[in-house]
Amino acid sequence: MSSSTHQPAGQVSGLEGLDDARVVVIGAGQAGLAVSHELSELGVGHVVLERARVGQTWRNLWDSFCLVTPNWTMSLPGFPYAGVDPEGFVPRDEIVGYLERYASSFDAPIREGVGVDALESGLTGRFLLRTSAGDMEAESVVVCTGAFQRPYRPDAAAMFPPGLLVIDAEGYRNPAALPPGQVLVIGSGQTGCQISEELHEAGREVFLACGRAPWVPRQPDGRDIVSWLRETTFLDMPVDALPSPAARLGANVQVTGARGGHDLHYRTLQTLGVKLLGRLTGVEGHRARFADDLADSVAFGDARYADIRAMFSNQLAAKGMAVPDLPDPPPFCADPPRELDLGGFGVVICTTGFRPDYARWVRFPVVDAMGFPLTHNCASTVVPGLFFCGVHFLRKRKSSTLFGVGEDAAIVAQSIARNRSQLAAAD
Ligand SMILES: Cc1cc2nc3c(=O)[nH]c(=O)nc-3n(C[C@H](O)[C@H](O)[C@H](O)COP(=O)(O)OP(=O)(O)OC[C@H]3O[C@@H](n4cnc5c(N)ncnc54)[C@H](O)[C@@H]3O)c2cc1C
């Protein structure tokens, strides 16, 4: 470990005793923990640096959040779901509890409260990590800092009048914590739909500016949709089968695990009384403007639903399985306003997705134009010894999920172990 430029003299270092940590994993969410588990299984010494606490991203979600994929998906390597409700949806704190128990189950070597501020080139080809607790060096680094990193806001969101509170989903806790008044939610992915429903049920008048998102019914023929999808190639779809790299930024499927799980999409929200709008296009003074594209967005969601129906018909039938009954959606009718007077609004909530954040602190040219790491089998194709795990669509559609990250974590750990034995053999 090199001498620290960050650590005030006399304080206990979060890096104490780490002189021989040749492998550093950054982040203790499910990806960092899964990599740590797989490294431990292979006997590779390492440390996990976590700037906050284990499972911090889940801790940051709103109070009523429930898992969206069913409970059986909490199945990290060596720690399958052991509860009694595999098709239920545990609340936020139970997801965190699962991750904490996972970390304890193999005594994961985690240093909480140690953030990595920069990852640079160190001496003699090693990595230099500038952390909140001092600097350290490593031979291999696995970046597991989150699938969904930096909240993204459309340009128009910068134009709201001063005095109108504008927050991201991260800033949302519960309806009572918001100022009174009407609510404008921008973005109709999973998060926007769930927050809109909760606020509507709390008696708020909610307007939802919609974009394009796929939707699915929660429980076709009484079985969870994710359990059906697991029977197909959907979750294993490789990143290079996407229509374009930008498709990685597309919205997740509209559905919810709240209150036991139920359908939640454009039509259910409209029936509830949430006021659906087109995309936000601009704000001028106290007037917000919206595109005339709501019907197109719903048609996009319907087309993805049709894709899933066709996939079920082909793939489930080929396996000799019964194909669930998925009826045609009813016609969608709406005549949304193109303008809103923001006078009565208490808050705007942006749920317009995320962008990668690596370029801000990883001081190597290792990302593409959108900020996603350039990788093959989770290894950087630019810098040897650098790995990524938990990135959305890193290898497959499931790469960033609780049930998919383990496959990538095993690949990372095996690559590191292989590199180390090759180095040892060459010595
Ligand atoms: C609203 C929402 C709902 C979701 N629901 C589901 C679901 O139902 N099922 C499912 O399978 N997936 C779901 N996901 C997707 C995914 O499982 C989560 O995003 C998950 O948290 C990703 O795990 P991760 O370990 O890759 O990243 P994270 O959980 O984000 O963990 C990254 C960790 O790294 C730490 N960190 C970040 N930067 C640094 C740094 N520089 N130094 C040190 N530490 C750092 C963070 O504090 C954090 O603890 C959901 C995602 C969102 C946003």
Side-chain angles (χ1 to χ4, degrees), residues 14 24-36 47-62 64-76 81 88-92 94-96 98-100 102-103 110-119 129-133 141-152 168-170 172 187 189-195 224-226 229-230 235 251-253 255-258 261 351 353-354 356-358 360-362 378 388-394 397-406 408-409 412:
V24 175
V25 178
I26 308 175
Q30 68 216 26
L33 295 178
V35 169
S36 177
V47 65
V48 183
L49 303 182
E50 164 56 53
R51 70 176 167 205
R53 296 171 67 195
V54 166
Q56 189 61 44
T57 299
W58 296 102
R59 292 177 201 269
N60 290 348
L61 295 178
W62 61 97
S64 67
F65 177 82
C66 292
L67 200 60
V68 181
T69 57
N71 292 337
W72 64 257
T73 62
M74 288 192 295
S75 53
L76 292 168
Y81 174 71
F89 308 92
V90 291
R92 177 192 66 191
E94 287 186 38
I95 308 169
V96 175
Y98 168 80
L99 294 176
E100 285 176 331
Y102 184 50
I110 304 169
R111 300 289 167 106
E112 290 185 316
V114 180
V116 178
D117 301 327
L119 178 63
L129 293 98
R130 297 199 180 273
T131 86
S132 56
V141 172
V142 191
V143 177
C144 302
T145 51
F148 300 97
Q149 301 181 328
R150 181 169 51 84
Y152 165 78
D168 300 305
E170 236 179 41
Y172 175 70
Q190 237 170 56
T191 297
C193 290
Q194 291 179 51
I195 292 175
D224 192 80
I225 185 70
V226 184
L229 290 170
R230 183 168 58 161
L235 301 167
N252 275 325
V253 172
V255 72
T256 181
T351 60
F354 299 84
D357 194 30
Y358 303 109
R360 191 180 52 77
W361 63 279
V362 178
C378 314
F388 292 84
C389 196
V391 181
H392 188 44
F393 258 110
L394 180 62
R397 188 192 296 279
K398 67 183 183 186
S399 277
S400 63
T401 62
L402 279 161
F403 54 96
V405 73
D408 292 358
V412 169

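Both counts, for ligands and for their atoms, begin at 1 and track the order of listing.
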Asks: Go through Leu33 and Val48 one step at a time and tell me if the side chain to side chain contact (heavy atoms under 4.5 Å, CB included) criterion holds.
Replies: CA-CA 8 Å; Leu33 295 178; Val48 183; 5.5 Å; no
Asks: Given Val54, Val48, Thr145, Leu61, which one has a non-hydrogen atom that is nearest to atom 39 (C) of ligand 1?
Replies: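 Ranked by closest heavy atom to atom 39 (C) of ligand 1, first place is Thr145.
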Asks: Looking only at protein heavy atoms, identify the closest one to atom 35 (C) of ligand 1 and say how far it is in Å.
Replies: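 Among all protein heavy atoms, the one nearest atom 35 (C) of ligand 1 is Glu50 OE1, 3.2 Å.
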Asks: Output all residues satisfying side-chain contact (heavy atoms from CB on, under 4.5 Å) with Ser400, sequence neighbours left out; order by chain, then residue number.
Replies: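 In terms of side-chain contact (heavy atoms from CB on, under 4.5 Å), with neighbours along the sequence ignored, Ser400 is linked to Ala147, Phe148, His392.
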Asks: Give the numbers and elements of all ligand 1 atoms closer than 4.0 Å to a heavy atom of Ile26.
Replies: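 It comes down to these atoms of ligand 1: 40 (C), 42 (N), 43 (C).
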Asks: Identify the heavy atoms of Gln194 and Val68 that sit nearest to each other, and give their distance.
Replies: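 Scanning both residues completely, I find the closest heavy atoms to be NE2-CG2, 3.7 Å.
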Asks: Geometry only, no angles: is Gln30 polar-contacting ligand 1 at N/O separations under 3.5 Å?
Replies: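 Yes.
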Asks: Of the protein's non-hydrogen atoms, which lies at the shortest distance from atom 30 (O) of ligand 1, and what is that distance?
Replies: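 That would be Thr57 OG1, 2.5 Å.
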Asks: What protein heavy atom sits nearest atom 34 (O) of ligand 1, and how far off is it?
Replies: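 Result for atom 34 (O) of ligand 1: Gly27 CA, 3.2 Å.
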Asks: Can you pull out the closest protein heavy atom to atom 31 (O) of ligand 1? Residue, atom name and distance to 0.1 Å, please.
Replies: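 Checking every protein heavy atom, the shortest distance to atom 31 (O) of ligand 1 gives Gly29 CA, 3.5 Å.
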Asks: Would you name the heavy atoms of Leu76 and Tyr98 that are closest together and state the gap between them?
Replies: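 Minimum heavy-atom contact is N-OH, 2.8 Å.
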Asks: Distance under 4.0 Å to a non-hydrogen atom of Ala147: what atoms of ligand 1 satisfy this?
Replies: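 Checking each atom against Ala147, I get 26 (O), 27 (O).
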Asks: Can you find an N/O atom of Arg51 closer than 3.5 Å to an N/O atom of ligand 1?
Replies: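 For ligand 1, there is an N or O atom that lies under 3.5 Å from one belonging to Arg51.
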Asks: SG of Cys193 to CG of Asn252: how many Å apart, nearest 0.5 Å?
Replies: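 The distance works out to 11.0 Å.
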Asks: Among all the protein's heavy atoms, is there at least one whose distance to atom 13 (C) of ligand 1 comes out below 4.0 Å?
Replies: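 Under the 4.0 Å cut-off, atom 13 (C) of ligand 1 does have protein heavy-atom neighbours.
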Asks: In the protein, what heavy atom is nearest to atom 6 (C) of ligand 1, and what distance, to one decimal place, separates them?
Replies: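 Of every protein heavy atom, Trp58 CH2, 3.5 Å lies nearest to atom 6 (C) of ligand 1.
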Asks: Please could you name the atoms of ligand 1 that Cys144 approaches to less than 4.0 Å, counting only its heavy atoms?
Replies: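 Counting atoms of ligand 1 from 1, those under 4.0 Å from Cys144 are 32 (C), 33 (C), 34 (O).
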Asks: Quick one: closest heavy-atom pair of Glu50 and Ile110, and the distance?
Replies: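 Scanning both residues completely, I find the closest heavy atoms to be CB-CG2, 4.3 Å.
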Asks: With atoms numbered from 1 as shown, which atoms in ligand 1 lie under 4.0 angstrom from a non-hydrogen atom of Thr191?
Replies: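 Once the distances to Thr191 are compared, the set is 1 (C).
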Asks: Tell me, which protein residue and heavy-atom name are nearest atom 8 (O) of ligand 1, and how many Å apart are they?
Replies: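 Checked against all protein heavy atoms, atom 8 (O) of ligand 1 sits closest to Val68 N, 2.7 Å.
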Asks: CG/Leu119 to CH2/Trp361 distance, rounded to the nearest 0.5 angstrom?
Replies: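 Atom-to-atom, Leu119:CG and Trp361:CH2 are 6.0 Å apart.
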Asks: How does Ser400 reach ligand 1, if at all, at less than 4.0 Å between non-hydrogen atoms: by side chain, backbone, both, or neither?
Replies: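 For Ser400, the contact with ligand 1 is made by the backbone alone.
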Asks: Any N or O of Thr401 that comes nearer than 3.5 Å to an N or O of ligand 1?
Replies: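 No, no N or O pair falls under 3.5 Å.
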Asks: Can you check whether Leu402 has an N/O within less than 3.5 Å of an N/O in ligand 1?
Replies: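 Such a contact does occur with ligand 1.
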Asks: Just to confirm my output: which protein heavy-atom neighbour is closest to atom 41 (N) of ligand 1, and how far is it?
Replies: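 The closest heavy atom on the protein side is Val116 O, 2.9 Å.
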Asks: Near Leu49, which atoms of ligand 1 are under 4.0 Å from a heavy atom of that residue?
Replies: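 Heavy-atom distances to Leu49 below 4.0 Å select 43 (C), 44 (N).
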Asks: Note the single closest protein heavy atom to atom 15 (C) of ligand 1, along with its residue, its atom name and the distance in Å.
Replies: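 Protein heavy atom at minimum distance: Phe148 CE1, 3.7 Å.
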Asks: Search all heavy atoms of Leu394 against all heavy atoms of Ser399 and return the closest pair with its distance.
Replies: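 Residues Leu394 and Ser399, closest heavy atoms: N-CB, 3.5 Å.
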Asks: Should you measure from each heavy atom of Gly115, which atoms of ligand 1 turn up under 4.0 Å away?
Replies: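 Result: 42 (N), 43 (C).
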Asks: Which atoms of ligand 1 have any heavy atom of Gln56 under 4.0 Å away?
Replies: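 The list of qualifying atoms is 47 (O), 49 (O).
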Asks: Please identify which atoms of ligand 1 are closer than 4.0 Å to at least one heavy atom of Val114.
Replies: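 This gives 43 (C) as the contact atoms.
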Asks: Quick one: are Phe403 and Leu235 in side-chain contact, heavy atoms under 4.5 Å?
Replies: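 They are in contact (side-chain heavy atoms under 4.5 Å apart), so the answer is yes.
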Asks: Go through the steps to decide whether Tyr81 and Leu402 satisfy the test side chain to side chain contact (heavy atoms under 4.5 Å, CB included), and finish with yes or no.
Replies: CA-CA 11 Å; Tyr81 174 71; Leu402 279 161; over 6 Å; no
Asks: Heavy-atom contact check, 4.0 Å cutoff: does Phe65 meet ligand 1?
Replies: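 Heavy atoms of Phe65 do come under 4.0 Å of ligand 1.
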Asks: For Ser132 versus Gly113, what's the shortest heavy-atom pair and its separation?
Replies: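 Closest approach of Ser132 to Gly113, heavy atoms only: OG-O, 3.6 Å.
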Asks: Looking at CG of Leu229 and CD1 of Ile225, how far apart are the two atoms once the value is rounded to the nearest 0.5 Å?
Replies: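 Answer for the CG-CD1 pair, Leu229 versus Ile225, is 4.5 Å.
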Asks: Mind listing the closest non-hydrogen atom pair of Val90 and Met74 along with its distance?
Replies: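 Minimum heavy-atom contact is CG2-CE, 3.7 Å.
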Asks: Using distance alone, decide if ligand 1 has a nitrogen or oxygen within less than 3.5 Å of any nitrogen or oxygen in Thr73.
Replies: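 It does not: no N or O of Thr73 is found under 3.5 Å from an N or O of ligand 1.
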Asks: Examine the side chains of Gln30 and Tyr102 and answer whether a donor and an acceptor come within less than 3.5 Å of each other.
Replies: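 Their side chains do not contain a donor-acceptor pair, so the 3.5 Å distance test is not met.
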Asks: CZ of Arg92 to CG of Leu67: how many Å apart, nearest 0.5 Å?
Replies: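 So the gap between those two atoms works out to 13.5 Å.
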